[in-house]
Every structure is written in C-alpha cells, then in structure tokens.
Amino acid sequence: MAIEDTLGRPLEELRLSVTDRCNFRCRYCMPREMFGPGFRFLPRGEILSFEEITRLTKLFTALGVRRLHLTGGEPLLRHELPVLISQLAAIPEIENIALTTNGSLLTPTAARTLHEAGLHRITVSLDALDPQIAGRMADTTVDPAQILAAIDDAAPGLGPVKINMVVRRGLNDREVVPMARRFRHSGHILRLIEYMDVGTGNGWDRTELVSAEEVRRRIEALWPLEPVAPNRSSETARRYRYRDGAGEIGFIASVTQPFCGSCTRVRLTAEGRLYTCLFAEGGLDLRAPSRSGMDDTGILQLLRERWMRRTNHYSELRGSIPTPAGKVEMFRVGG
Ligand code: SAM
Ligand code: SF4
Ligand code: SF4
C-alpha cells in the first residue's frame, strides 16, 4: 500500500548505506582532521547483516519502494557486496538497483560481478581531471585516470554511467569545462552538483557554492544545450542534451533550486537508523527492534508511522532557520 507524508509525498526510493567506512577523505564529506586514524567507525556487530537489510527492504516495498540505491561510505568496501545485491534483486517488487561509488575499487571484474548480481546502474564520483585538483578535493592520491578507466570498464553492463562532480568555487570550478569536454561523446552522463552544507565537518561557506545555473551557463557558452524531459517527477538532476548531439549532461541544484517537493527518498544507515532527510538530526533505530524479535507487522507499523509523520524540507528553509546542530554525516547516510 502506497503511503504519503504530511506534504503528500509518496515513499518510492530507499537508499541503503552499506558501510560508514571510506578510503577517501573528501574535504566536503569526511575531512581528515575529524575522521582521521583515531575515529571510531562502526564495529562489525553494529552493522546490519545482509539478511537484516533484505528483510527491511522487503518491508519497505510493502509501503511503495520500487527503487534501491546502494551507497556509503564507500560501498565497494563492504565485504561480499554482490551477495547482498543478489538478495535485493530477488525481491520481486524491486525494479531498479543503482550504486554510487568513488570508483577506486571498481575493477572490470568488480563491475561485471556487480552487474551479474543484479545491479542495474552505477554512478561514479569524480571532481576533476587534473590529479592535483582531484587529490585536493578528495584528499586522496588515486589518479583520476584510474577512475576514468573504471568508468569506461563499467559502461557495458552498468551504463550509461553517471559521473557526480561536486563544484566548489576556487577549488575545482575551473575543471567544469574540461570535465564537460571529457564526457561529451562518451555515452556517460556528467552531473554537476552544488556543494551542500551536509554533516558537521566541512565548514560549509556559501561563497564556495557555484550555482547550477552559473555552471550551466559556462558550459552553454561553448556548447548549446536543450532541456530533456525528466525520467521521473522525483528526479534530482535537471537533464539537458548538447544540441550538437554530443550526449546528455545534468545539473543538481540542491541548494539554489531545491527539490524537496518531490523528495520521495528514505535513507537507512549501515547500523540500521532510518533518516527521512539528508539534513535530519535524529534517525529512527530499526536495528534494536529488528534484533529483539519484533515481527514484520510491528516493524511495518514503525516505518509507516515515520513516513506519514515526515515534514522534512530543509533545503527550502535553508538560511531562514538555524542550521541543525547535529545533522547526520553524509558518509553515514550516503547522499
Ligand atoms: N563514497 C561514494 C562516492 O563518493 O560516490 C558514495 C557515498 S558519497 C557520500 C555520495 C555522493 O555524495 C558523492 O557523489 C559525493 O560527491 C556526494 N557528496 C558528499 N558530500 C557532499 C557535499 N557536501 N555536497 C554535495 N555532494 C556531496
Ligand atoms: Fe568517501 Fe564518498 Fe564521502 Fe568522498 S564523498 S569521503 S568517497 S563517502
Ligand atoms: Fe529531500 Fe531533505 Fe534534500 Fe529536501 S533537504 S530534497 S527533504 S533530503
């Protein structure tokens, strides 16, 4: 039975964070000063097992979820991830499973195994072609050339591959045009994302935001664009295509043109906390009831109540309300 929240939004997509660990330390997500060697990540026993994730996902489908998105932390660090994907793919109601990764562990074999397990689509994050700029953004020494090769290797089974690029003024915005050029005619879809005030550690400063509109104008000045109809009303990216036939590109204007009105996503962290917004402060613990033997009817009732009481629309309120102090970290909730 489909359900709606207080703003009339149905529940359609579940984003599953499968680990809070990551091998990158992107400055905008997981700054090393806060999440360095002394930081305590979740111990194994606190992380939901594949069986627990699959059980909860099945219950979500009873409330309308048809699309899954695997994320993290870095999801490819989760041991035996293809086993989880095959369990999720076996749920009859699930129509689409996607995954977002930093691409560093995406070998051709990994891509093939993920596809064979039932993964439909992949998004790879990459903020620059220039190794020094990419390295500064993600605080890593992994060469963008390696990520570009992984994107090409993944395309046959998991394409068209989407590439997520977060744009920060003065840091990587001069890479916008080179990235657009690189992905024209590639069959992949570059998506330029506005830098967001997620979590508590990135010291977000609005002056570093480059609006999606400004980014689009910079690209349009070289290669004219025309809008493409959205695939779904809940799609976050505004889609465009190059008029000269070079392919598609997207813009995610989370800050300047918020899309809360069509936000039909719910997020489950690796330890089993449910969040109804990226900027929420408290999650609903589903691990404790699940491990203490609550039956499906009981858990379903918790999920239903949580969604039906949902009021979140932070991005429409940004600036007019105080910033929530204890916002969940992006690497926990998965983006
Ligand atoms: N580790 C994987 C990756 O980076 O693709 C998956 C998890 S990551 C949290 C998911 C997405 O969130 C990435 O595309 C990343 O660029 C984006 N992201 C993280 N922090 C962000 C921020 N402050 N503003 C905008 N996007 C952000
Ligand atoms: Fe890791 Fe992804 Fe966060 Fe970067 S954005 S630190 S790759 S979880
Ligand atoms: Fe959805 Fe919250 Fe983002 Fe609005 S701010 S689009 S409700 S996650």
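FYI, the numbering just counts along the sequence from 1. Just so you know, ligand 1 is whichever comes first in the structure, and atom 1 is the first atom listed for that ligand.
For ligand 2, the atoms sitting less than 4.0 Å from at least one non-hydrogen atom of Asn102 are 7 (S), numbered in the order shown with element in parentheses. Close approach of ligand 2 to Met30 (heavy-atom distance below 4.0 Å) involves ligand atoms 6 (S).
By the 3.5 Å distance cut-off applied to N or O atoms, Gly73 is counted among the residues near ligand 1. The shortest N or O to N or O distance between Asp127 and ligand 1 is not below 3.5 Å.
Of all protein heavy atoms, the one closest to atom 17 (C) of ligand 1 is Met330 CE, 3.9 Å. Of the protein's non-hydrogen atoms, Tyr28 CD1, 3.5 Å is the one closest to atom 21 (C) of ligand 1. Given atom 4 (O) of ligand 1, the protein heavy atom at minimum distance is Ser125 OG, 3.5 Å. Ranking the protein heavy atoms by distance from atom 2 (Fe) of ligand 3 puts Cys277 SG, 2.3 Å first. For atom 24 (N) of ligand 1, the closest non-hydrogen atom on the protein side is Met196 N, 2.9 Å. Here the protein heavy atom with the shortest distance to atom 6 (S) of ligand 2 is Cys26 N, 3.4 Å. Atom 26 (N) of ligand 1 has as its closest protein heavy atom Val166 CG2, 3.5 Å. Given atom 8 (S) of ligand 1, the protein heavy atom at minimum distance is Gly334 O, 4.3 Å.
Contacts with ligand 3 closer than 4.0 Å are made by no heavy atom of Met196, backbone or side chain.
Note on Cys263: counted as a metal contact of atom 1 (Fe) of ligand 3, an N/O/S atom lying under 2.8 Å. Residue contacts to atom 1 (Fe) of ligand 2: Cys29 brings no N, O or S atom closer than 2.8 Å.
Distances from ligand 3 to the non-hydrogen atoms of Arg15 include no value under 4.0 Å. At least one heavy atom of Arg267 sits less than 4.0 Å from an atom of ligand 3.
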